[in-house]
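Start at 1 and go down the list; that is how both ligands and their atoms are numbered. Side chains included, hydrogens not; waters and symmetry mates left out as well; all remaining heavy atoms used. Numbers for residues simply follow the sequence, beginning at 1.
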Amino acid sequence: MSNSNLSSRDAAVVWHPFTQHQIEPISIPIASGKGAYLVDTDGKKYIDAISSWWVNIHGHGHPYLAQKVYEQALLLEQVIFAGFTHEPAIRLSERLLSHLPPNFERVFFSDNGSTAVEVAIKMALQFFHNQGNTKRRKILAFADAYHGDTFGAMSLGAPSSFNAPFQDMLFEVEFLPSPQDTQACLAAMSSLNADDYAAFIFEPLIQGAGGMKMYEASTLDALIRMAHEKDMLCIADEIMTGFGRTGKWFAMDYLAEKPDIACFSKGLTGGMMAMGLTLCSDSLFKSFLSEDRKKTLFHSHSFTANPLACAAANASLDLMEKEETWASIARVESRHRAFAATLKNHSILKNVRIQGTIIAMEIAVGEANGYLHSIRDKAYAYFIEQGILMRPLGNTIYILAPYCIEDEDLAYIYEKITAFAQELI
Ligand SMILES: Cc1ncc(COP(=O)(O)O)c(C=O)c1O
């Protein structure tokens with residue numbers, strides 16, 4: 001079936017996420033994917049420069065991941081996870097914990113990034129509630145934060161056009177300044193009334209949807225130290241940064257101070273299946289143990305610890321444990337660094353920054369930086385036309401490709417970024 005046929009059928013019945021259907025182009029029907037490429041139903045290829053919303057760390061159509069999910073599907077596709085368990089979930093928990101700092105000892109399953117965050121917040125608030133502490137009800141987050149689209153996760157996100165229609169219904173969260181301003185953050189943290197806060201949540205090292213804003217590990221270390229002195233729980237939202245994306249297994253591996261709770265999703269299953277995880281210490285887990293059932297963590301989803309998703313995550317871990325994956329991660333970073341060097345004095349590609357496999361920059365034209373910047377739609381259309389899937393965050397363009405992307409595909413993307421900028425000068 002052709003693009004135009006499918007696109008018009010889609011336009012008649014489907015409501016797409018983050019899409020203004022009145023003004024955005026019709027959706028492109030994708031028939032298949034292989035490695036860093038997506039292929040539409042007319043046969044046009046697109047380099048997936050954003051790993052399809054940051055999930056496909058090993059690329060599309062990976063035969064090993066597919067095989068493992070298939071094998072699991074023949075054995076057990078789904079089972080209720082309350083009162084029952086299964087080997088793929090146990091193995092995944094054991095393996096993941098072995099890659100994390102030793103204070104992480106328990107794994108709670110859910111099914112996407114936002115739910116992993118919801119669980120983290122519930123764990124933190126109920127941790128204090130279970131001990132009879134009724135004062136610690138507030139959460140601390142960063143300016144420009146993004147933690148998902150459910151109501152709890154929206155509350156933790158910086159007030160923005162994303163959550164404006166619901167702003168009056170979100171719970172109260174205190175926002176520190178941008179973590180790029182270390183002094184302002186430290187000052188704000190030290191002036192907080194410590195007894196009011198249950199938790200401090202952050203995207204370690206890179207604020208993704210907020211504009212790929214990068215900041216120093218030393219700033220976060222200082223803030224975690226202060227938060228711990230104030231007895232707050234620290235929650236690392238590693239939903240975008242986990243599984244090699246920043247050049248190490250996890251962004252928290254760059255930190256000296258360790259968080260108490262961590263959230264994972266996206267790259268967790270290599271992009272095969274939807275899954276979220278919230279990990280915490282044994283002492284936090286034990287604070288929920290009681291003869292009193294009211295101290296239970298009452299949270300579940302139908303597909304909690306779905307065996308197919310666990311099989312995909314275990315298979316993705318197999319790939320993550322291979323040296324060649326780390327060689328690819330290092331190669332992508334070095335390609336980005338070489339490209340960044342060529343942009344040093346560029347007149348409109350500014351603030352070029354790199355963290356592991358992520359490179360980001362601003363197109364400095366027109367109005368101030370921001371998600372609704374008018375250059376966004378033009379840039380998106382241009383790159384699609386050139387066979388590259390990029391989704392600029394306003395005037396911030398970034399590459400967050402599968403680790404298997406070939407050098408020549410990276411070179412092609414770099415060339416098209418500079419060609420696009422050239423047209424604007
Ligand atoms: C840091 C971070 N947290 C949470 C989420 C929400 O994840 P999901 O879209 O799977 O709900 C995202 C999604 O982009 C994210 O980047």
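Partner of Asp318 under the salt bridge (charged side-chain N to carboxylate O under 4.0 Å, His left out) criterion, chosen from Arg95, Lys68, Arg91: Arg95.
For the residue pair Cys280 and Leu284, the shortest heavy atom distance occurs at SG-CD2, 4.0 Å.
Applying the salt bridge (Lys or Arg N to Asp or Glu O under 4.0 Å) rule to pairs touching residues 199-224 yields Asp144-Lys213, sequence neighbours excluded.
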Tabulated below should be the N or O atoms of ligand 1 paired with protein N or O atoms at under 3.5 Å; can you produce that?
residue	atom	partner	partner atom	Å
ligand 1	3 (N)	Asp237	OD1	3.3
ligand 1	3 (N)	Asp237	OD2	2.6
ligand 1	10 (O)	Gly113	N	2.8
ligand 1	11 (O)	Asn112	OD1	3.4
ligand 1	11 (O)	Ser114	N	2.9
ligand 1	11 (O)	Ser114	OG	2.6
ligand 1	14 (O)	Lys266	NZ	3.1

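Among residues two or more places apart in sequence or in another chain, the side chain to side chain donor-acceptor pair (under 3.5 Å) test is passed with Tyr403 by none. Residues passing the side chain to side chain donor-acceptor pair (under 3.5 Å) test with His62, sequence neighbours excluded: none.
Heavy-atom neighbours of Phe84 CZ from other residues, nucleotides or ligands within 6.0 Å: at or below the threshold of 12.
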